[in-house]
A.B. asks: 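Just dropping this structure here.
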Protein chains: 2
Amino acid sequence: MGTSAPHPQPPRRRSDVQRNERSLLEAAAAVFASSGVDAPVREIAAAAGVGVGTLYRHFPARSDLVVAVYRHQIESCAQAGPALLAAAPSPFAAVLSWIHLFVDFLGTKHGLARVWQGDADGFTALHLLFIDRLVPVLTDLLDAARKAEEVVAPITAYQLIRAVGDLVAWTSPDPDYDVRRTVTLLVSGLKQEQPELWQPDPAIG
Amino acid sequence: MGTSAPHPQPPRRRSDVQRNERSLLEAAAAVFASSGVDAPVREIAAAAGVGVGTLYRHFPARSDLVVAVYRHQIESCAQAGPALLAAAPSPFAAVLSWIHLFVDFLGTKHGLARVWQGDADGFTALHLLFIDRLVPVLTDLLDAARKAEEVVAPITAYQLIRAVGDLVAWTSPDPDYDVRRTVTLLVSGLKQEQPELWQPDPAIG
DNA sequence: ATCGTGAACGGAGCGACGTTCCGTTCTGGC
DNA sequence: GCCAGAACGGAACGTCGCTCCGTTCACGAT
């Protein structure tokens, strides 16, 4: 890492390209909000007044479009990490708060988590963005909480954030189920020495 | 055979109906194992040497077919509950073991959890079977662990089992992620008094 | 054995979807 | 004004879940 190319902007950007990309982003934001991130591609293209071909040229994978739409929200979530750590009464409280910030972000987008790791190869742009931006933030929070001896479970930030993502993925209006409570349960497990798994002796049958 | 009908079956069952149902179940089991529970309906029907119409007549919803295939496994999982409670060194160990039994069951069927609550109305046969059979079992385990003061978090069996289901839903070959570890983390949270959520004062900005 | 009938079958067909492909349009430099 | 080539757009293809209805066939009555 060193003198990385500052801004290798290619020669120019045609005006219609920029206009269409803007239209697509606005349309996608609207459609995502009303119909969820699983909305049909055609619907988004139509809302943008654009052909599906154009949509695919700008955003080859659905997750590319999703990250483009939500990038700034993810960014502000990432930036909230250090701030929370500074303001919270304890590192653990910061971890818990930040995770819930993340949950609120994911929860408001129906089915977002279904995208964030939906691909079989798990190599979507969303996945990458999460790992690049969010995992380091959570790692710092966890390290601080560990240093304060509030967290003892040997779990990586990646494991934790992915678990939360999975939990929130299925957000549905079930009155008997509260994701936030579950997430709190998960996070509170960090305070516990992880128990060994007792297994029945198969020989006893 | 003898008087092999202790249960007064309704009028009668045509032989071809029974034959086709058997074929479908066997084919479904094979296809589920090789291609996951999301396998195309046509593939299952073809493997059974049957038309899709027949498949749908026997199993109107995909989850009906799934429960038919896995019913006995779910059943044995349910029956393992009390046994584990009796044999384990502590009620909490029994809870943890039973949950992992459940995880192993779900984990081996790719995408099973995607079905178990896939419907928008969440009213699938699979959902019902889980609630009817598994939730009571886990409730007993949790009660025992609470009585032993090993579990203090106010979480219902339904919430816990659903959380586990959500976690396992996305089982994918990610070397950096281990569902079992996450589940253990979740369960170990049961030992903790649930923390209050600290929230930053929005006035501070 | 045969026959009639209604339940059971099966696969063509429909609509929705993701994705591709290529003839057409239009931008921007000359 | 002109043109090369980038960008467009939507028809088209393959796949999927699910339905619908003409055909087949099991089985009790005869």
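Just so it is clear: chains get the letters A, B, ... in the order the sequence lines come, proteins before strands, and each one is counted from 1.
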A.B. asks: If I take atom CZ in residue B/Phe59 and atom P in nucleotide C/dA8, what distance separates them, rounded to the nearest angstrom?
C.D. replies: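 In whole Å, C/dA8 P and B/Phe59 CZ are 14 Å from each other.
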
A.B. asks: Check every strand shown and say whether B/Val17 touches a base, only sugar-phosphate, or nothing at a heavy-atom separation below 4.0 Å.
C.D. replies: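 Sugar-phosphate contact only.
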
A.B. asks: Could you list by number each residue of residues 40-51 of chain A showing a heavy-atom separation from DNA chain D of less than 4.0 Å, or answer none if no residue does?
C.D. replies: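 When residues 40-51 of chain A is checked for heavy atoms under 4.0 Å from DNA chain D, the hits, listed by number, are A/Arg42, A/Val50, A/Gly51.
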
A.B. asks: What's the verdict on ring pair (Phe, Tyr, Trp, His ring centres under 6.0 Å) for B/Phe130 and B/Phe102, showing C-alpha distance, side-chain angles and the deciding distance?
C.D. replies: CA-CA 11 Å; B/Phe130 273 53; B/Phe102 179 63; 5.8 Å; yes

A.B. asks: So, under a plain 3.5 Å distance rule, would you say the side chain of B/Arg14 forms a donor-acceptor pair with the base of C/dA7?
C.D. replies: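 Donor-acceptor pair under 3.5 Å: yes.
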
A.B. asks: Could you give the CG-to-P distance, from A/Leu65 to C/dG18, as a whole number of Å?
C.D. replies: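 Between P of C/dG18 and CG of A/Leu65: 12 Å.
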
A.B. asks: Please give, in whole Å, the distance from C/dA12 P to B/Leu55 CG?
C.D. replies: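 It is 17 Å, rounded to the nearest whole Å.
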
A.B. asks: Is the ring pair A/Phe105/A/Tyr70 parallel, tilted or perpendicular, if the boundaries are 30 and 60 degrees?
C.D. replies: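 A/Phe105 vs A/Tyr70 ring planes: perpendicular.
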
A.B. asks: Let me know the distance between CZ of B/Arg57 and C1' of C/dA8, rounded to the nearest Å.
C.D. replies: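 That distance rounds to 5 Å.
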
A.B. asks: Go through the steps to decide whether A/Asp16 and A/Arg14 satisfy the test salt bridge (charged side-chain N to carboxylate O under 4.0 Å, His left out), and finish with yes or no.
C.D. replies: CA-CA 6 Å; A/Asp16 54 345; A/Arg14 276 174 56 163; 3.0 Å; yes

A.B. asks: For A/Glu43 and A/Ser35, which I'm curious about, is there any donor-acceptor pair between the side chains at under 3.5 Å?
C.D. replies: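 Short answer, yes.
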
A.B. asks: Quick one: A/His58 NE2 to D/dG9 C1', roughly how many Å, whole number?
C.D. replies: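 Computing the A/His58:NE2 to D/dG9:C1' distance gives 12 Å.
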
A.B. asks: Starting at CG of B/Asp16 and ending at P of D/dC25, how long is that distance when rounded to a whole Å?
C.D. replies: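 In whole Å, D/dC25 P lies 10 Å from B/Asp16 CG.
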
A.B. asks: What is the minimum heavy-atom distance between A/Tyr177 and A/Leu167, and which atoms define it?
C.D. replies: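 The pair with the smallest heavy-atom distance is OH-CD2, 4.2 Å.
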
A.B. asks: What is the distance, rounded to the nearest whole Å, between atom CD of B/Gln18 and atom C1' of D/dC27?
C.D. replies: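 B/Gln18 atom CD is separated from D/dC27 atom C1' by 14 Å.
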
A.B. asks: Could you verify whether a donor N or O on one side chain and an acceptor N or O on the other, from A/Tyr56 and A/Asp64, lie under 3.5 Å apart?
C.D. replies: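 There is no such pair between these side chains.
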
A.B. asks: Do we get B/Lys191 above B/Phe92's six-membered ring, with its NZ or CZ under 6.0 Å from the centre and within 45° of the axis?
C.D. replies: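 Yes - B/Lys191 lies over the ring of B/Phe92, closer than 6.0 Å to its centre and within 45° of its axis.
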
A.B. asks: Start at the 5' end of DNA chain D and walk down; is the nucleotide closest to B/Arg19 or to A/Thr54 reached first?
C.D. replies: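 Comparing both residues, the 5'-ward one is A/Thr54.
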
A.B. asks: Measure CG/B/Asn20 against C1'/C/dG11 and give the value in whole Å, please.
C.D. replies: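 Result: 14 Å.
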
